[in-house]
Asks: 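Dumping the structure here so I can ask a few things about it.
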Amino acid sequence: MSKVFVNIGLSLDGYLAPEGMTMGKPEYKNWGAKWGAMMGWLLNQQYFRQNLLKIESGGETGPVNDLVRSTVERIGANIMGKRMFDQGEVAWPEDAPFHTPVYVLTHEKRDPWVRPGGTTFYFVNDGPERALELARNSAGGRDIRIAGGADVIQQYLGLGVVDELEIALAPVLFGGGRRLFENLQESVQQFRIDRVLDGSAATHLRYVRQ
């Protein structure tokens with residue numbers, strides 16, 4: 001059976017996104033610089049540049065680049081929240097950087113949105129369990145990534161269905177924003193350390209469910 005995993009960047013003080021993050025206004029509360037400092041490691045990887053940014057030359061190679069490749073290639077479907085979709089809808093290129101079905105948790109009724117390159121957004125009104133069921137059915141045996149934001153990840157942690165946590169921990173302090181680990185019950189599932197990979201701009205941590 002396909003696995004459910006979280007793969008995100010995180011600030012040193014535990015924030016998934018800086019305060020005031022609003023696409024089109026990167027200067028607001030300096031969120032653009034903060035996010036760039038957290039995710040700069042990814043933007044420099046050769047695989048990400050070539051396959052998602054469509055930049056043919058340049059980029060770092062090595063273990064972190066290999067990690068990015070293996071993560072992208074394992075994804076058969078993505079799940080995200082409405083807030084993340086709304087931010088991305090105005091910022092993603094026409095060829096959105098997913099190339100899989102994407103299930104958006106929302107109360108909004110909307111027809112599927114088909115984009116070039118294999119990305120189709122489906123809008124799910126029946127809760128996280130239904131979104132996961134649809135994602136499993138469409139993933140073709142590959143894994144399902146819970147893309148974000150923080151509240152959606154928390155919902156799936158609360159359901160006890162997350163098999164793996166992959167966190168790129170960057171040495172940047174936000175001081176405020178969207179925390180990853182909030183609103184969790186005491187009975188939330190437990191994880192063990194599976195891998196630690198040191199990068200030049202982030203430490204890559206992989207935890208698997210016990």
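Heavy-atom basis, side chains included; hydrogens, waters and symmetry copies ignored. Note that the numbering runs from 1 along the sequence shown for the chain.
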Asks: Of the non-hydrogen atoms in Gly117 and His99, which two are nearest, and what is the gap between them?
Replies: O-ND1, 2.8 Å

Asks: Please round to the nearest 0.5 Å and tell me the distance separating atom CH2 of Trp92 and atom CZ of Phe121.
Replies: 4.5 Å

Asks: Hydrophobic clustering (ILVMFWY, side-chain heavy atoms < 4.5 Å, transitive) - are Leu205 and Leu197 grouped together?
Replies: no

Asks: Can you give me the closest heavy-atom contact between Ala131 and Val124, atom names plus distance?
Replies: N-CG1, 4.0 Å

Asks: Given Phe174 and Met38, is the side-chain contact (heavy atoms from CB on, under 4.5 Å) satisfied, shown in steps?
Replies: CA-CA 9 Å; Phe174 284 179; Met38 183 177 74; 3.8 Å; yes

Asks: Quick check: do Leu159 and Gln155 have side-chain heavy atoms less than 4.5 Å from each other?
Replies: no

Asks: Give me the one residue out of Val64, Leu42, Val72, Ile55 that meets side-chain contact (heavy atoms from CB on, under 4.5 Å) with Phe48.
Replies: Leu42

Asks: Is the NZ or CZ atom of Arg145 both under 6.0 Å from the centre of the six-membered ring of Phe5 and within 45° of that ring's axis?
Replies: no

Asks: May I ask you to test the Tyr156-Val6 pair for a side-chain heavy-atom distance under 4.5 Å?
Replies: no

Asks: If you group Ile, Leu, Val, Met, Phe, Trp and Tyr by side-chain heavy-atom gaps below 4.5 Å, do Leu12 and Trp35 land in one group?
Replies: no

Asks: Decide yes or no for Gln154 and Glu182: does some side-chain heavy atom of the first lie under 4.5 Å from some side-chain heavy atom of the second?
Replies: yes

Asks: Between Asp163 and Arg209, which heavy-atom pair has the shortest distance, and what is it?
Replies: OD1-NH2, 2.6 Å

Asks: Identify whether the distance between the nearest side-chain nitrogen and carboxylate oxygen of Glu89 and Arg110 falls below 4.0 Å.
Replies: yes

Asks: With rounding to the nearest 0.5 Å, note down the distance linking CD1 in Ile167 to CG in Leu180.
Replies: 6.0 Å

Asks: Sub-3.5 Å donor-acceptor pair from the side chain of Asn78 to the main-chain atoms of Val102, do we have one?
Replies: no

Asks: Are Arg83 and Asp86 ion-paired here, with the side-chain N under 4.0 Å from a carboxylate O?
Replies: no

Asks: What residues, two or more places apart in sequence or in another chain, satisfy ring-ring contact (aromatic ring centres under 6.0 Å, His included) together with Tyr103?
Replies: Tyr122

Asks: Is there a side-chain contact between Met21 and Arg178 in this structure, where contact means two heavy atoms from C-beta onward sitting under 4.5 Å apart?
Replies: no

Asks: Check this for me: Glu94, atom CD, are more than 12 non-hydrogen atoms of other residues, nucleotides or ligands nearer than 6.0 Å?
Replies: no

Asks: Of the non-hydrogen atoms in Ser138 and Ala77, which two are nearest, and what is the gap between them?
Replies: OG-CB, 4.0 Å

Asks: Is it true that Val161 and Ile153 fall in one hydrophobic cluster, defined by side-chain heavy atoms closer than 4.5 Å?
Replies: yes

Asks: Look only at the side chain of Arg142 and the backbone of Ile75, and say whether a donor-acceptor pair between them is shorter than 3.5 Å.
Replies: yes

Asks: Please answer whether the main-chain N or O of Asn65 pairs with a side-chain N or O of Gln46 as donor and acceptor at a distance below 3.5 Å.
Replies: no

Asks: Are Tyr15 and Leu169 co-members of a hydrophobic cluster defined by side-chain heavy atoms under 4.5 Å apart?
Replies: no

Asks: Does a sphere of radius 6.0 Å around CG in Asn137 hold more than 12 heavy atoms from other residues, nucleotides or ligands, not counting ones at 6.0 Å or beyond?
Replies: yes

Asks: How close do Tyr28 and Gly20 get, counting heavy atoms only, and between which atoms?
Replies: CD2-O, 3.1 Å

Asks: For Glu73, give me all partners under salt bridge (Lys or Arg N to Asp or Glu O under 4.0 Å), at least two apart in sequence or on another chain.
Replies: none

Asks: So if you build clusters from Ile, Leu, Val, Met, Phe, Trp, Tyr with side-chain heavy-atom gaps below 4.5 Å, do Leu10 and Val68 land together?
Replies: no

Asks: In plain terms, say whether Arg136 and Glu133 are close enough for a salt bridge, that is, a side-chain N and a carboxylate O under 4.0 Å apart.
Replies: no

Asks: Report the distance from atom OG1 of Thr106 to atom CE of Met80, rounding to the nearest 0.5 Å.
Replies: 12.5 Å

Asks: Report the residue from Asn7, Thr71, Asp194 that forms a side chain to side chain donor-acceptor pair (under 3.5 Å) with Arg206.
Replies: Asp194

Asks: Spell out, as yes or no, whether a donor-acceptor pair under 3.5 Å connects the side chain of Asp13 to the backbone of Gly175.
Replies: yes

Asks: Give a yes or no on this: more than 12 heavy atoms of other residues, nucleotides or ligands lie within 6.0 Å of atom CD of Gln185.
Replies: no

Asks: As an exercise, state the distance from CG of Leu157 to CD of Gln189, rounded to the nearest 0.5 Å.
Replies: 5.5 Å

Asks: With a 4.5 Å limit on heavy-atom distance, are the side chains of Thr120 and Pro101 in contact?
Replies: no

Asks: Is the shortest side-chain heavy-atom distance between Val152 and Met84 below 4.5 Å?
Replies: no

Asks: Are any of the side-chain heavy atoms of Arg49 and Asn51 separated by less than 4.5 Å?
Replies: no

Asks: How long is the span from the OH atom in Tyr47 to the OG1 atom in Thr61, to the nearest 0.5 Å?
Replies: 15.0 Å

Asks: Are there over 12 heavy-atom neighbours, none belonging to Lys109, within less than 6.0 Å of that residue's NZ?
Replies: no

Asks: If you measure from CG on Leu105 to CD1 on Ile146, what distance do you get to the nearest 0.5 Å?
Replies: 8.0 Å

Asks: Which heavy-atom pair separates Ile144 from Ala139 by the least distance, and what is that distance?
Replies: CG1-CB, 4.3 Å

Asks: Between Gln45 (side chain) and Trp41 (backbone), is there a donor-acceptor pair under 3.5 Å?
Replies: yes

Asks: So do the side chains of Phe98 and Arg115 get within less than 4.5 Å of each other, counting heavy atoms only?
Replies: no

Asks: Report yes or no: does Asn44 contribute a side-chain atom to a donor-acceptor pair with the main-chain N or O of Glu60 at less than 3.5 Å?
Replies: no

Asks: Treating Trp113 as the side-chain partner and Phe123 as the backbone partner, does any N or O pair qualify as donor plus acceptor under 3.5 Å?
Replies: no

